[in-house]
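Contents: one structure, followed by commentary.
Keep in mind that what you see is a predicted model, and the values were worked out from it rather than measured. Every chain is numbered from 1, with letters handed out A, B, ... down the list of sequences.
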Amino acid sequence: MRVLQQIHSYILTRALPFSTLCFSLSKILSFCAISPVGNILYAERLLFQIPNPNIFSWNSVIRGFSQSHISATTQSVSIFKRLIRRGHPNPNTYTLVFVLKTCSILPAIQEGQQVHARVIRSGFSTNSFLQSSLVNFYAKCEDIKCARKVFDEIPDRNMIAWSTMIGGYAKLDMFNEALALFGEMQKAGVVPDELTMASVVSACAGLGALDTGRWVHAYIKKQRILIDIKLNTALINMYAKCGCIEKAREVFDEMPTRDSRTWSSMIVGYAVHGHADDALSVFAGMEKSQVKPNNVAFLGVLLACAHGQLVYEGQKHWDILLESGIQPSMEHYSCMVDLFCRANLFQEAYTFIKNMPIDPDPVILRTFLVACKKNKNMEKGESTGQQLLKLEPSNPENYALLSSLYASCSSWSKMGNVRKQMRDKGLKTTPGCSSIEVEGTLHEFVLGDWSHPEREEIMEVLSDVLRRVTAFGHKVDVSEVCHDVGDEVKVEALCEHSERLAIAYGILKTKAPAVIRVVKNLRVCGDCHEVTKIISKIYEREIVVRDRVRFHRFVGGICSCKDIW
DNA sequence: GGGATGTGAC
C-alpha cells in the first residue's frame with residue numbers, strides 16, 4: 001500500500017499526460033480497492049482526483065466497496081448512483097455485476113430492481129454473469145418467485161445459474177424445491193460443483209432425509225467432487241440432523257482441517273442428541289487446536305449442559321464465554337435459563353433472569369413459566385404469564401402454558417378464564433408431531449389424533465413400554481394436559497408425547513437389531529434421550545430421536561420439562 | 001484489466 005502511494009505521488013510530481021495518468025491511476029485503484037476499508041477510501045479519493053475516470057476505475061471502487069466490511073457496503077451503491085448521475089462513462093456488465101452483488105448483500109431491493117431494468121435496457125440480458133447475479137439478487141431479497149422467473153427465462157443455464165437457484169431455495173427453507181431442482185439439473189446433464197452440493201446437502205439436512213442425504217454423499221464421492229471444509233461441515237450437519245451422529249463424527253474425524261463452523265456443527269450435533277459429555281470434549285478439543293470458539297460453539301456447549309443437567313459445567317462455560325469477549329446473545333441467556341430450569345434450580349433461574357442486562361424474550365419467559373408450573377409458584381408464574389400475553393397476545397402457546405400453571409395450582413376459574421380468552425380470540429395450539437420412516441413410508445403421529453389404522457397395536461406396545469420402563473427403575477412422571485370438552489373444562493392426566501407414539505410404532509414394526517429414527521417437530525427434552533437409552537436396551541433396538549425445533553422457534557421452552565415418559 | 005453459486009443456531 002505504501003509503495004502504491006509513493007508511485008501515486010511520483011505520477012503527480014512528474015505531471016504525466018492525462019491519458020497515462022488515468023491508466024496508471026486505474027491500475028493503482030484496482031490494487032487499492034481490495035479490503036481493508038482504509039485502502040478503499042484511499043481508492044475512492046483517487047477516483048475523484050482523475051479528471052475523466054474510465055469505467056475500469058469506477059468498477060474497481062464499486063467492487064472494492066462491495067467486498068469490504070459490511071458497514072462500507074452502501075458506499076458501493078452510492079458511487080454507482082454518482083456514476084449514473086454523471087452520465088458517462090456508461091456502466092458495463094462488470095459494473096452491474098458488482099452493484100447487484102452489493103444489492104444482494106445489503107439487501108437493497110429497489111436499487112437492485114433498477115439495475116435489473118438497466119440490464120434489459122442495455123441489452124445485457126444474455127450475459128450469463130448478469131443472469132446468475134440477478135437470480136442471486138432476487139433470492140437473497142427473499143423474492144424467490146422473481147428469482148425463479150429470471151432463472152426460467154435463461155435459455156442456456158450454466159452450472160452457476162443452477163447452483164444459485166438451488167442455493168436460493170435451500171436458504172429459504174424450501175428444501176423440497178431445492179432437491180427437485182437438483183434433480184432437474186441432473187436431467188439437464190449439468191455437472192454440479194462443491195458449492196451446489198453444499199446447498200443440496202443442507203436441503204437434505206433440513207428435511208431430515210437421511211436416505212437422500214446418504215445417496216448425495218455417495219454421489220459426491222462418485223463424481224469426485226472436491227469435498228472442502230464447507231461441504232464437509234454441511235455433511236456433518238446433515239448426518240447430525242438426520243439422527244446419524246456417529247456418521248457425523250466419522251466425517252468430522254476424517255477432516256484434515258476444521259474451522260470454527262466445523263467444530264460448532266459437531267458440538268451442536270452432540271448437544272441436540274443429548275450427548276453432553278461428547279459435546280464438552282469436542283469443545284475442549286476446539287480450544288486445544290486453537291480454533292477460537294464462536295458464538296454458536298458456546299451456544300452448543302450451553303445447550304448440551306442444559307440437556308445433560310450439567311449445571312457446574314454450564315456455569316463454567318458461561319464464565320469462559322464472558323471472558324472470551326463475545327457478547328452473549330438472547331439465545332445464550334436462553335440456554336442458561338433452560339439449564340437452571342431443567343435442573344430445577346428455580347431461584348437461580350429467577351435471579352439470572354432478573355440480572356440480565358437485556359429484557360428477556362418470550363422464549364426465556366416460557367421456559368421460566370414451565371418451571372413456575374412445576375414448582376407450583378403461582379405468584380411468579382402469573383406475572384410471567386401476564387408479561388407473555390402482553391408481549392405476544394396472539395401466540396396460543398402462551399395461553400396454554402398460563403392455563404396449565406393455573407391447573408397445577410388448582411385455580412380452575414382462572415384457568416377457565418384464560419381458556420376462554422384463547423377461544424374468543426380464535427387461537428388454537430399446534431399439537432406435537434413426530435414422524436418415523438418404516439420401509440420407505442413416512443408415518444406421522446400428531447398428538448391427539450388417533451386415526452392411525454394400527455392404533456390398538458400401538459397402544460399395546462405403549463403400555464408395555466411404560467410398564468417395562470417403570471420396572472427398569474425409571475421414575476415415570478405424568479404431565480397434566482388440559483382438555484376442552486365442549487364448554488366444560490376438564491383436566492385429564494395424560495402422558496402423551498408424539499415421539500413416544502412414533503417409537504412404539506417403530507418397535508411394533510421392526511425386529512431387533514433395527515435402528516429406529518424418529519424426527520420430532522418440537523424440542524426434544526434432555527430426559528427423553530436418557531429414557532430412550534433404556535428402551536433401546538430393553539427392546540434391543542437402537543433408537544435415535546432428533547428434533548426439528550428450528551422450524552418451530554415459537555414454541556421454545558414448552559418442552560422444558562423432565563416428564564417426557 | 002475486473003465478474004455470478006455453498007456450510008453452524010436456543
When you compare the side chains of A/R148 and A/Y169, does any donor N or O come within less than 3.5 Å of an acceptor on the partner?
yes
Can you classify the ring geometry of A/W318 versus A/F352 as parallel (below 30°), tilted (30 to 60°) or perpendicular (above 60°)?
perpendicular
Atom CG of A/D359: over 12 foreign heavy atoms under 6.0 Å:
no
Check whether the side chains of A/N54 and A/S57 place a donor and an acceptor atom closer than 3.5 Å, and report yes or no.
yes
Given the structure, check if the side chain of A/S132 and the base of B/dA4 hold any donor-acceptor pair shorter than 3.5 Å.
yes
Mind telling me whether A/H275 and A/H273 have parallel, tilted or perpendicular rings, with 30° and 60° as the class edges?
perpendicular
Respond yes when some side-chain nitrogen or oxygen of A/K140 is under 4.0 Å from OP1 or OP2 of B/dG6, and no when none is.
yes
Kindly point out which of B/dC10, B/dT7, B/dT5 is positioned nearest to the side chain of A/V363?
B/dC10
Taking only N and O in the side chain of A/N237, is any of them less than 4.0 Å away from OP1 or OP2 of B/dA9?
yes
To the nearest angstrom, how far is A/M165 atom CE from B/dT5 atom P?
14 Å
When rounded to whole Å, the CD1 to C1' distance for the pair A/I236 and B/dA9 reads 15 Å
One pair to check against side-chain contact (heavy atoms from CB on, under 4.5 Å): A/L210 and A/C244. What are the steps and the verdict?
CA-CA 8 Å; A/L210 181 62; A/C244 231; 4.2 Å; yes
Mind checking if A/E194 touches a base, just sugar-phosphate, or nothing, with heavy atoms under 4.0 Å?
base
I need the residues from residues 142-150 of chain A with at least one non-hydrogen atom less than 4.0 Å from DNA chain B; give them sorted by number, or say none.
none
Review item, side-chain donor-acceptor pairs of residues 119-127 of chain A, under 3.5 Å, at least two apart:
residue: A/S122; atom: OG; partner: A/R118; partner atom: O; Å: 2.6
residue: A/N127; atom: OD1; partner: A/F129; partner atom: N; Å: 2.8
residue: A/N127; atom: OD1; partner: A/L130; partner atom: N; Å: 2.9

If you only use heavy atoms from C-beta on, which nucleotide in B/dG3, B/dC10, B/dT7 is closest to the side chain of A/Y94?
B/dG3
If you take the centroid of each ring, where Trp contributes its six-membered ring, are A/W162 and A/F151 closer together than 6.0 Å?
yes
Watson-Crick or G-U pairs under 3.5 Å in DNA chain B, rendered as dot-bracket with [ ] for crossing pairs and | for another strand:
..........
What's the closest nucleotide to the A/K230 side chain, out of B/dA4, B/dG6, B/dG3?
B/dG6
Proximity to the side chain of A/T196 - top-ranked nucleotide from B/dT5, B/dA9, B/dC10
B/dT5
Side-chain donor or acceptor of A/H116 paired with backbone N/O of A/G112 under 3.5 Å
no
From the candidates B/dA4, B/dA9, B/dT5, the one with an atom nearest any side-chain atom of A/D193 is B/dT5
Winner on side-chain proximity to A/L195, out of B/dC10, B/dG3, B/dT5, is B/dT5
